[in-house]
Each structure stands twice: as C-alpha cells, then as structure tokens.
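Nothing fancy with the numbering, it's 1 onward along the sequence.
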Amino acid sequence: SRGLGDVYKRQGSYVIGNRTLNLTSLPYSKDFSFEKNLNTIYLNAEQLTGDFEIRTWQQGDKISPFGMNGKQKISDILINQKVPLHLKRDEMVLLYKGQIIWLIGRRASNLYKITNSSILRIDVKYNS
C-alpha cells in the first residue's frame with residue numbers, strides 16, 4: 001500500500017494503479033453544496049492532519065457508511081452493488097488512521113464528514 005502523505009502539504013494528483021486521485025482543499029461557506037457523485041468524497045479537512053493509506057480491500061474490512069448507523073462489510077456492499085467477481089479484487093479503500101473512510105468510487109464513510117470547517121475534496125478518475 002502506498003501512503004499519500006499529509007494532504008495539507010501535498011494537494012494534487014496521485015496515480016495509484018489504474019486510478020488518479022485529485023486532492024483539493026476548499027474553504028467552507030454556509031451555502032456550500034456538494035455534488036452527489038460516487039467518484040467524489042468531501043471530508044472535514046481540519047480533522048485530517050496525518051497520512052492517508054490506499055490499498056485493495058480485504059476480507060473482513062468494514063466501513064461506517066454515510067447515512068447509516070453501524071458498520072457494513074465491504075464484501076456485502078460489493079455483493080449489493082452486484083460487482084462482478086473478476087472486478088471485486090481490484091476494489092480499493094482509502095484509510096485514515098487505520099479506518100476505512102471510502103470504498104473508492106462506491107461508498108463514503110460517516111467519519112470526518114464536513115461541518116463548518118475547511119473541506120477536503122477527493123476525486124477519483126479511472127485511467128484507461
């Protein structure tokens with residue numbers, strides 16, 4: 001797995017396998033509206049002061065999905081979203097302090113959701 005470094009000091013683009021992650025810091029304003037897009041996640045930038053980690057998901061991984069109480073197994077999300085077996089093994093997760101905060105391109109976590117603080121926006125693009 002490859003650490004992404006401190007987001008504040010290292011905004012920009014990171015290529016991981018067949019994906020490019022773009023990290024952008026945005027100021028908070030009370031009329032801020034975020035696009036509903038599975039390839040974009042918005043996080044509370046002020047709570048994220050350390051490094052991110054990206055890896056392929058592993059059996060037993062769990063996430064606290066946005067809009068739900070409790071945790072859900074990544075394997076169950078992939079089954080529910082009918083991800084074909086040959087694609088499942090390539091699914092990646094973004095971790096912060098050992099906790100999964102994004103099943104990349106599929107499901108965001110409840111953790112580090114935006115409040116009235118600066119915002120970290122992470123977009124994923126799939127490279128051909």
Side-chain angles (χ1 to χ4, degrees):
S1 70
R2 177 158 163 231
L4 276 189
D6 192 321
V7 180
Y8 281 118
K9 297 184 196 113
R10 301 188 50 198
Q11 289 187 62
S13 296
Y14 301 87
V15 176
I16 291 107
N18 67 342
R19 296 165 179 85
T20 300
L21 289 185
N22 293 302
L23 283 64
T24 318
S25 200
L26 305 168
Y28 175 80
S29 69
K30 61 181 183 301
D31 50 357
F32 176 80
S33 68
F34 48 92
E35 358 164 356
K36 285 204 170 189
N37 175 348
L38 290 175
N39 292 323
T40 303
I41 186 174
Y42 296 89
L43 302 166
N44 184 328
E46 285 168 23
Q47 292 180 317
L48 301 164
T49 54
D51 292 350
F52 288 102
E53 182 190 345
I54 290 180
R55 63 167 169 76
T56 50
W57 76 283
Q58 297 162 356
Q59 226 22 276
D61 278 350
K62 291 182 178 176
I63 190 170
S64 303
F66 193 80
M68 283 179 63
N69 292 325
K71 290 185 181 260
Q72 192 175 18
K73 286 183 183 169
I74 299 284
S75 57
D76 290 346
I77 294 171
L78 296 175
I79 289 167
N80 294 344
Q81 294 189 3
K82 297 179 174 36
V83 178
L85 200 57
H86 69 284
L87 295 178
K88 269 187 197 174
R89 68 175 173 266
D90 295 327
E91 293 294 318
M92 300 193 96
V93 290
L94 178 72
L95 295 92
Y96 179 70
K97 293 190 173 174
Q99 293 180 300
I100 295 174
I101 57 175
W102 193 19
L103 172 55
I104 296 176
R106 296 199 178 273
R107 202 69 203 257
S109 165
N110 256 329
L111 304 169
Y112 307 107
K113 52 187 178 226
I114 58 174
T115 54
N116 53 356
S117 68
S118 58
I119 298 160
L120 174 68
R121 174 185 167 142
I122 305 176
D123 298 285
V124 64
K125 277 208 294 266
Y126 295 87
N127 313 321
S128 41

Is it the case that over 12 heavy atoms from other parts of the model lie below 6.0 angstrom from the NZ atom of Lys88? yes
How about CZ on Phe34, more than 12 heavy atoms from neighbouring residues, nucleotides or ligands closer than 6.0 Å, or not? no
Linked, directly or transitively: [X] and [Y] (ILVMFWY side chains, under 4.5 Å):
X: Ile114; Y: Leu26; result: yes
X: Leu95; Y: Leu21; result: no
X: Leu48; Y: Ile16; result: yes
X: Leu78; Y: Ile101; result: no
X: Leu23; Y: Ile41; result: yes

[atom1] of [X] to [atom2] of [Y]: how many Å apart, nearest 0.5 Å?
X: Leu38; Y: Ile104; atom1: CG; atom2: CD1; answer: 13.0 Å
X: Lys73; Y: Ile79; atom1: NZ; atom2: CD1; answer: 9.0 Å
X: Glu46; Y: Ile119; atom1: CD; atom2: CD1; answer: 10.0 Å
X: Ile74; Y: Gln59; atom1: CD1; atom2: CD; answer: 10.5 Å
X: Ser33; Y: Lys30; atom1: OG; atom2: NZ; answer: 14.0 Å
X: Asn110; Y: Lys71; atom1: CG; atom2: NZ; answer: 10.5 Å

Salt bridge between Glu35 and Arg121, side-chain N to carboxylate O under 4.0 Å?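 Yes, this pair counts.
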Shortest non-hydrogen contact from [X] toward [Y]:
X: Trp102; Y: Arg106; value: NE1-N, 4.3 Å
X: Arg19; Y: Tyr126; value: NE-CE2, 3.4 Å
X: Ile100; Y: Leu111; value: O-CD1, 4.3 Å

Are the side chains of Gln99 and Tyr112 in touch, meaning some heavy atoms are under 4.5 Å apart?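 SC-SC contact between Gln99 and Tyr112 confirmed.
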What residue among Asp123, Asn22, Thr24 forms side-chain hydrogen bond (donor to acceptor under 3.5 Å, both in side chains) with Ser13? Asn22
Sequence neighbours excluded and cut-off under 3.5 Å, please list the side-chain donor-acceptor pairs for residues 60-69, or say none.
from, atom 1, to, atom 2, distance (Å)
Asp61, OD1, Arg55, NH2, 3.1
Asp61, OD2, Arg55, NH1, 2.7
Asp61, OD2, Arg55, NH2, 3.4
Asp61, OD2, Gln58, N, 2.7

Should the ring pair Tyr42 and Phe32 be called parallel, tilted or perpendicular, given that the plane angle runs from 0 to 90° and is split at 30 and 60? perpendicular
Output, in order, the C-alpha distance, side-chain angles, deciding distance and verdict of side-chain contact (heavy atoms from CB on, under 4.5 Å) for Ile77 and Trp57. CA-CA 12 Å; Ile77 294 171; Trp57 76 283; over 6 Å; no
